[in-house]
Amino acid sequence: MTSHRLALGSALTVLLALIPGTAGAAGPGWFWNRPHCDTVYGDGSVTITESDGETLAPTTGRLRAVTYAKVAALQAPNTLISIGQREIQRSSDAGCSWQLLDKFTDDLSTYDVQAGPDDSAYIYSVNDQPILRVHGANVSTVAGPVEGGGLAALNARPGRLRVVAGDGQLYDSTDDGISWQRTGVLPARDLYAYDAVIDPRNPDHVVVGVMSDGVYVTFDGGRSWTRSRPVERVNAFSLTISPADPSKVWMEGYDRDRSTRFIWESTDGGQKFREVLDQTQADLINGNQMWASPADPDLIYFSYGTSFANFGADLYRFRPSTGELTKHHNRNDGIPSLAFNPANPKILYLGLAEER
């Protein structure tokens with residue numbers, strides 16, 4: 001009898017470990033499915049690939065100019081939100097079909113979309129106001145913390161929003177963006193933030209990439225900041241952080257002393273960086289978008305695309321530890337966004353660009 005009880009207890013322990021909200025809980029992918037479709041029913045702004053971009057799922061609609069589509073996978077099962085032009089769209093079947101959720105009066109080209117808790121998402125811009133809040137089928141707007149200024153990053157947790165303003169200042173809200181409180185101090189005076197990342201595990205760990213002066217990092221919610229080495233004279237255009245291991249941070253930027261673009265890697269959360277790729281190995285510009293794998297701390301994707309001379313777009317897959325670099329080309333004008341299927345991070349959702 002004792003052995004049966006032990007076996008039952010072990011089975012329950014394993015089961016509870018797989019249920020969200022318990023110790024050792026699985027992520028939102030526990031309730032997600034893989035997309036069961038060969039064609040995406042939508043306006044052409046979002047597609048699916050299971051081959052790192054070698055083959056893209058066809059779409060029923062053709063993407064309209066000028067569009068820079070962004071996409072995010074939510075915690076809610078099989079739910080994604082995308083933005084493009086002035087439209088906000090939603091998929092409830094793991095990206096197989098898309099429906100119009102709302103229209104916005106202004107162009108959303110400079111906006112990004114960030115998943116929040118459950119079925120929520122937040123849409124924000126580094127240049128513009130306001131913040132758009134998506135909760136289920138409802139879309140509402142709130143002002144950001146700085147009048148006339150945008151946000152470099154946003155992190156949404158139950159009961160709290162944390163954002164990075166354009167000068168690197170952190171702000172918190174406990175009422176879903178209706179009011180804001182300044183958190184900590186500025187990294188330095190007179191900064192312009194190109195990009196920032198907030199640790200998905202610990203929102204007190206924030207990395208900010210700025211114009212001319214490189215990168216600043218805080219581990220205590222902005223009470224103190226460290227200027228990263230040895231990238232003090234770099235235009236730090238874009239950043240990504242590993243959800244699997246937030247000590248891994250990657251930065252793409254321009255070294256002003258050597259007039260060369262690089263991707264740099266940090267293995268200590270953003271305090272020190274080393275070069276892992278330069279512009280002779282890949283098409284690096286002032287701001288290649290980068291995305292870190294949620295499952296593999298040694299894997300990132302980045303993209304390059306342009307309509308000039310009908311070039312198209314490349315999706316790069318890069319493993320910094322070995323230097324392994326592959327790319328796949330498509331005829332779109334760019335890939336401004338990428339999201340991972342939470343059930344299987346090898347399934348990628350690509351937000352596409354059309355400039356013509």
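Positions are given from 1 along the sequence. Only this structure's heavy atoms are used, side chains among them; waters, hydrogens and symmetry mates stay out.
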For this session: List the steps, then state whether side-chain hydrogen bond (donor to acceptor under 3.5 Å, both in side chains) holds for Thr110 with Ser125.
Result: CA-CA 6 Å; Thr110 65; Ser125 171; 3.1 Å; yes
For this session: Taking atom types as modelled, find out whether Ser140 and Asn138 have a side-chain donor-acceptor pair closer than 3.5 angstrom.
Result: no
Exercise. So, Asp52 and Arg317, do they make that salt bridge, N to O below 4.0 Å?
Worked result: yes
Problem set entry | Within 6.0 angstrom of Asp257 CG, more than 12 heavy atoms from elsewhere | yes
For this session: Determine, step by step, whether Glu50 and Arg34 satisfy the salt bridge (Lys or Arg N to Asp or Glu O under 4.0 Å) criterion, reporting the C-alpha distance in whole Å, the side-chain angles of both residues, the deciding distance to 0.1 Å, and the verdict.
Result: CA-CA 10 Å; Glu50 299 186 35; Arg34 62 177 294 120; 2.7 Å; yes
For this session: Tell me whether Leu239 is reachable from Tyr301 by hopping between hydrophobic residues (I, L, V, M, F, W, Y) whose side-chain heavy atoms are closer than 4.5 Å.
Result: no
For this session: Establish, from distance only, whether the side-chain atoms of His135 and Asp176 form a donor-acceptor pair under 3.5 Å.
Result: yes
Exercise. Quick one: do the Ser247 and Asp245 side chains pair a donor with an acceptor below 3.5 Å?
Worked result: yes
For this session: Evaluate salt bridge (Lys or Arg N to Asp or Glu O under 4.0 Å) for Arg233 paired with Asp213, printing each intermediate quantity in order.
Result: CA-CA 5 Å; Arg233 288 180 51 80; Asp213 292 331; over 6 Å; no
Problem set entry | Pairwise side-chain contact, Glu252 with Leu284, heavy-atom cut-off 4.5 Å (strictly under) | yes
Exercise. Any chance CZ of Arg229 has more than 12 other-residue heavy atoms, nucleotides or ligands included, within less than 6.0 Å?
Worked result: no
Problem set entry | Lys/Arg-Asp/Glu bridge criterion (N-O < 4.0 Å) met for Asp296, Arg319 | yes
For this session: Using the six-membered ring wherever Trp is involved, compare the ring planes of Phe302 and Tyr316 and label them parallel, tilted or perpendicular (cut-offs 30° and 60°).
Result: parallel
For this session: Could you verify whether a donor N or O on one side chain and an acceptor N or O on the other, from Asp43 and Ser45, lie under 3.5 Å apart?
Result: yes
Seminar exercise, completed: What one should report as the nearest heavy-atom pair of Pro187 and Gly168 is CD-O, 3.6 Å
For this session: With the side chain counted from C-beta on, respond yes when Phe262 and Asp255 share a heavy-atom pair under 4.5 Å apart, and no when they do not.
Result: yes
Seminar exercise, completed: Interatomic distance, CG@Leu80 vs OG@Ser91, rounded to 0.5 Å, equals 5.5 Å
Problem set entry | Met251-Val217 co-clustered via ILVMFWY side chain contacts under 4.5 Å | yes
Exercise. Are Asp314 and His328 side-chain neighbours, meaning at least one heavy-atom pair lies under 4.5 Å?
Worked result: no
For this session: Identify the two heavy atoms, one from Phe104 and one from Pro130, that lie closest to each other, and give their separation to 0.1 Å.
Result: CZ-CD, 3.7 Å
Seminar exercise, completed: Shortest non-hydrogen pair, Gln169 vs Thr183, comes out as NE2-O, 2.9 Å
For this session: Show your reasoning for whether side chain to side chain contact (heavy atoms under 4.5 Å, CB included) applies to Leu348 and Phe340.
Result: CA-CA 5 Å; Leu348 310 178; Phe340 298 88; 3.4 Å; yes
Exercise. Any side-chain donor paired with an acceptor under 3.5 Å for Asp195 and Ser238?
Worked result: no
For this session: Please check if Tyr124 and Leu161 belong to a single hydrophobic cluster, counting links between Ile, Leu, Val, Met, Phe, Trp and Tyr side chain heavy atoms closer than 4.5 Å.
Result: yes
For this session: Using the side chain to side chain contact (heavy atoms under 4.5 Å, CB included) rule, take Val215 and Val207 through it: C-alpha gap first, then chi angles, then the decisive distance, then the call.
Result: CA-CA 7 Å; Val215 177; Val207 187; 3.4 Å; yes
Problem set entry | Thr226 side-chain N/O to Ser228 backbone N/O, donor-acceptor pair under 3.5 Å | no
For this session: For Asn332 and Leu56, run side chain to side chain contact (heavy atoms under 4.5 Å, CB included): C-alpha distance rounded to whole Å, both residues' side-chain angles, the deciding distance at 0.1 Å, then the answer.
Result: CA-CA 11 Å; Asn332 295 283; Leu56 306 184; 3.9 Å; yes
Exercise. Given the rule in the side chain to side chain contact (heavy atoms under 4.5 Å, CB included) test, do Leu186 and Asp167 qualify, once you have shown the distances and angles that lead to the verdict?
Worked result: CA-CA 7 Å; Leu186 284 168; Asp167 59 359; 3.5 Å; yes
Exercise. Is there side-chain contact between Arg160 and Pro203, with heavy atoms separated by less than 4.5 Å?
Worked result: yes
Exercise. Do Phe311 and Tyr304 make the cut of ring centroids closer than 6.0 angstrom?
Worked result: yes
Exercise. Can you tell me if Gln89 and Trp98 form a side-chain donor-acceptor pair at under 3.5 Å?
Worked result: no
For this session: Apply salt bridge (Lys or Arg N to Asp or Glu O under 4.0 Å) to Arg223 and Asp204, showing your working.
Result: CA-CA 9 Å; Arg223 291 190 293 274; Asp204 284 342; 5.3 Å; no
Problem set entry | Criterion side-chain hydrogen bond (donor to acceptor under 3.5 Å, both in side chains) on Asn341 and Tyr349, from CA distance to verdict | CA-CA 7 Å; Asn341 181 293; Tyr349 301 98; 2.9 Å; yes
Exercise. Roughly how far apart are Ser212 OG and Tyr194 OH, rounded to 0.5 Å?
Worked result: 6.5 Å
For this session: Decide whether Glu355 and Tyr68 meet the rule of one side-chain donor and one side-chain acceptor closer than 3.5 Å.
Result: yes
For this session: Report whether Val139 and Leu100 are members of the same hydrophobic cluster (ILVMFWY, side-chain heavy atoms less than 4.5 Å apart, transitive linking).
Result: no
For this session: Could you tell me which non-hydrogen atom of Leu315 sits nearest to which non-hydrogen atom of Trp291, and how far apart they are?
Result: CD1-CZ3, 4.4 Å
For this session: Might you confirm whether atom CD of Gln181 has over 12 heavy atoms from other residues, nucleotides or ligands at distances under 6.0 Å?
Result: yes
For this session: List the steps, then state whether side-chain hydrogen bond (donor to acceptor under 3.5 Å, both in side chains) holds for Ser120 with Asp118.
Result: CA-CA 6 Å; Ser120 68; Asp118 301 323; over 6 Å; no
For this session: Evaluate side-chain hydrogen bond (donor to acceptor under 3.5 Å, both in side chains) for Asn288 paired with Arg261, printing each intermediate quantity in order.
Result: CA-CA 10 Å; Asn288 298 77; Arg261 296 173 184 86; over 6 Å; no
Problem set entry | Between Thr174 and Asp172: side-chain donor-acceptor atoms closer than 3.5 Å | no
For this session: Kindly give the heavy-atom pair with the smallest separation between Gly84 and Thr67, and that separation in Å.
Result: CA-CG2, 4.0 Å
For this session: Could you pull out the closest heavy-atom pair between Ala152 and Val126, with the gap in Å?
Result: CA-CG2, 4.2 Å
Problem set entry | Partner of Lys70 by side chain to side chain contact (heavy atoms under 4.5 Å, CB included), out of Val113, Ile123, Ile81 | Val113
Exercise. So does Arg258 pair up with Glu275, basic N to acidic O under 4.0 Å?
Worked result: yes
For this session: Look up atom CG in Asn33 and atom CG in Asn344, then write down how far apart they are to the nearest 0.5 Å.
Result: 11.5 Å
Exercise. Should the ring pair His205 and Phe219 be called parallel, tilted or perpendicular, given that the plane angle runs from 0 to 90° and is split at 30 and 60?
Worked result: parallel
Exercise. Same cluster for Phe273 and Leu191 if Ile/Leu/Val/Met/Phe/Trp/Tyr side chains link at under 4.5 Å?
Worked result: no
Exercise. Is Asp333 salt-bridged to Arg356, going by a charged N under 4.0 Å from an acidic O?
Worked result: yes
Problem set entry | Cationic N near anionic O, under 4.0 Å, Glu87 to Arg64 | yes
